[in-house]
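Working notes, structure below.
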Protein chains: 2
Amino acid sequence: MLDEQGCPDCKRINEVLSRVGDRWSVLIIISLAQYGTLRFNELKRNLGISQRMLSLTLKELERDGLVNRTYHPTIPPKVEYNLTPLGESFRQPVAALGQWALGNLSTIDAARATYDEATGP
Amino acid sequence: MLDEQGCPDCKRINEVLSRVGDRWSVLIIISLAQYGTLRFNELKRNLGISQRMLSLTLKELERDGLVNRTYHPTIPPKVEYNLTPLGESFRQPVAALGQWALGNLSTIDAARATYDEATGP
DNA sequence: CGGTATCCGAATCGATACTG
DNA sequence: CAGTATCGATTCGGATACCG
């Protein structure tokens, strides 16, 4: 891909969004923001995410410094996740996005229906 | 996938995010918010997006009522895109996200480096 | 309980070529 | 200029099985 872009920030925004901008990351952040600390299987049940994707996404979030992982070597083992300060700072923009999403879901649905009817038949 | 979720909003947030939450949608919104009105190839050059993805994403955004498409049947043809009121209302949360992304890119990079060094070698 | 490893179909995306 | 069509490569993501 060429690099003759007039929007120099786009590449960088793109970079960050491809890291923390995917669906599961956002939902995990929202959950942790809401409940504070959650265990692996609590997140799993909460989000309806597969074990594999949860594991992968949590590892990424930990790597990016957004989520903290605490391992308790008890039997049975217990692992807790919560937001780091960086993760907390991500709450604001994410919350704004989530709120907008909820508030405009029906509007978008209506727009879709209109568009489909005007285009489709 | 089961549906025994404790986070009833997650499914719906998920729905909206899968519509307007992808990388290209966000970048297109940001560009249109910044410049007001742009033609197809202006967007293409601006974002470094492939023709195919731009076409698909714009169609989705139009369908969801976020972007307005104006076709001028001149020769050569000229098509202009701008934000609808709904798209404008999306500016705020998107801007917050973009700002956070830019502001924390280096922090994330540092966290990654630390993590990789502690884990990887 | 909290993962990792493997498999495999589905969805995504870029490159390329073609059209009005 | 502004798309659409097609193809191949990569990625995503769930299901399943197994380990500490």
Side-chain angles (χ1 to χ4, degrees), chain A residues 1-6 10-11 14-15 17-28 31-32 37-63 67-82 115 119-120, chain B residues 1-5 10-11 14-15 17-28 31-32 35 37-63 67-82 115 119-120:
Chain A
M1 177 66 62
L2 297 176
D3 248 5
E4 7 129 320
Q5 306 176 12
C10 280
K11 274 216 319 268
N14 208 328
E15 279 184 63
L17 290 184
S18 51
R19 294 174 186 181
V20 297
D22 75 78
R23 203 152 45 264
W24 291 128
S25 292
V26 171
L27 292 180
I28 288 174
S31 279
L32 291 180
T37 295
L38 290 172
R39 303 179 57 173
F40 186 87
N41 275 331
E42 288 176 334
L43 275 168
K44 184 170 179 304
R45 273 189 299 276
N46 243 301
L47 302 178
I49 185 179
S50 73
Q51 195 169 23
R52 180 175 173 273
M53 288 314 295
L54 180 57
S55 178
L56 290 175
T57 308
L58 280 173
K59 208 185 291 180
E60 273 304 297
L61 289 176
E62 190 195 355
R63 180 157 109 106
V67 159
N68 214 322
R69 178 181 185 273
T70 312
Y71 175 72
H72 303 277
T74 56
I75 295 182
K78 174 174 173 179
V79 182
E80 293 183 319
Y81 294 92
N82 57 63
Y115 181 96
T119 314
Chain B
M1 178 66 62
L2 296 176
D3 248 5
E4 7 130 320
Q5 307 175 12
C10 280
K11 273 214 322 264
N14 208 328
E15 279 183 64
L17 289 184
S18 51
R19 294 175 186 181
V20 295
D22 75 77
R23 202 153 46 263
W24 292 128
S25 292
V26 170
L27 292 180
I28 288 174
S31 280
L32 291 180
Y35 294 102
T37 295
L38 289 173
R39 301 179 58 173
F40 187 86
N41 276 331
E42 288 176 334
L43 275 169
K44 183 169 180 302
R45 273 189 298 276
N46 243 302
L47 302 178
I49 185 180
S50 72
Q51 197 169 22
R52 179 174 171 274
M53 286 315 294
L54 181 56
S55 177
L56 290 176
T57 309
L58 280 173
K59 208 184 290 180
E60 272 304 297
L61 289 175
E62 191 196 354
R63 180 158 109 108
V67 159
N68 214 322
R69 179 181 184 273
T70 312
Y71 176 71
H72 302 277
T74 56
I75 295 181
K78 175 175 173 179
V79 181
E80 293 184 320
Y81 294 92
N82 57 63
Y115 182 96
T119 315

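Heavy atoms only: backbone and side chains are in, while hydrogens, waters and symmetry mates are out. A note on names: the letters A, B, ... follow the listed sequences, proteins ahead of strands, and every chain is numbered from 1.
- Counting non-hydrogen atoms under 4.0 angstrom, B/R23 reaches nothing in the nucleic acid.
- Using modelled atom types, one side-chain atom of B/T57 and one backbone atom of B/M53 make a donor-acceptor pair closer than 3.5 Å.
- Taking atom OH of B/Y81 as the reference point, atom C1' of D/dA2 lies 8 Å away to the nearest angstrom.
- As a whole-Å value, the separation of A/K44 NZ from D/dG14 P is 10 Å.
- The side chain of B/V79 has D/dA2 as its nearest neighbour among C/dC1, D/dA2, C/dG3.
- The side chain of A/N41 sits closest to C/dG2 out of C/dG2, D/dC1, C/dG14.
- A/R69 has its CZ atom 16 Å from the P atom of C/dC1, to the nearest Å.
- We find that CG of A/L54 is positioned 13 Å from C1' of D/dG13, with the value rounded to whole Å.
- Within the 4.5 Å cutoff, no side-chain heavy atoms of B/W24 are placed close to those of B/L56.
- Partners of A/S25 under the side-chain hydrogen bond (donor to acceptor under 3.5 Å, both in side chains) rule, at least two apart in sequence or in another chain, are A/D22.
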Could you pull out all donor-acceptor pairs under 3.5 Å where a side-chain atom in residues 67-78 of chain A meets a protein atom, sequence neighbours excluded?
{"unit_1": "A/R69", "atom_1": "NE", "unit_2": "A/Y81", "atom_2": "OH", "d": "3.4"}
{"unit_1": "A/H72", "atom_1": "NE2", "unit_2": "A/E80", "atom_2": "OE1", "d": "3.2"}
{"unit_1": "A/T74", "atom_1": "OG1", "unit_2": "A/P76", "atom_2": "O", "d": "2.8"}

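- Between the CG atom in A/L58 and the CZ atom in A/F40 there is a gap of 6.5 Å [rounded to 0.5 Å].
- Rounded to whole Å, atom P of D/dT11 lies 13 Å from atom CD of A/E60.
- A/L43 has its CG atom 14 Å from the P atom of C/dC1, to the nearest Å.
- In this structure, of D/dG20, D/dG13, C/dG3, it is D/dG20 that holds the atom nearest to the side chain of A/P77.
- Partners of A/E60 by salt bridge (charged side-chain N to carboxylate O under 4.0 Å, His left out), not counting sequence neighbours, listed by chain and number: A/R63, B/R112.
- Residue B/D22 contributes atom CG, which lies 7 Å from atom P of C/dC13 at whole-angstrom precision.
- B/S31 and B/L47 get closest at one heavy-atom pair: OG-CD2, 3.3 Å.
- Applying the 4.0 Å criterion to OP1 and OP2 of D/dG20, one finds that A/Y71 has every side-chain N and O outside that range.
- Residues satisfying the side-chain hydrogen bond (donor to acceptor under 3.5 Å, both in side chains) test with B/R23, not counting sequence neighbours, are A/N14.
- Axis orientation changes by 40° from one end of the helix from C/dC1-D/dG20 to C/dG20-D/dC1 to the other, with each end axis drawn from 5 pairs and the value rounded to 10°.
- Summarising the geometry, the separation between CD on A/E80 and P on C/dG3 is reported as 12 Å, rounded to the nearest angstrom.
- Minimum interatomic distance between B/T37 and B/N82 (heavy atoms only, all atoms of both residues): OG1-CB, 3.6 Å.
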Any protein N or O atoms within reach of nucleotides 4-6 of chain D? Criterion: under 3.5 Å, listing atom names and distances.
{"unit_1": "D/dT4", "atom_1": "OP1", "unit_2": "B/K59", "atom_2": "NZ", "d": "3.4"}
{"unit_1": "D/dT4", "atom_1": "OP2", "unit_2": "B/S55", "atom_2": "OG", "d": "2.7"}

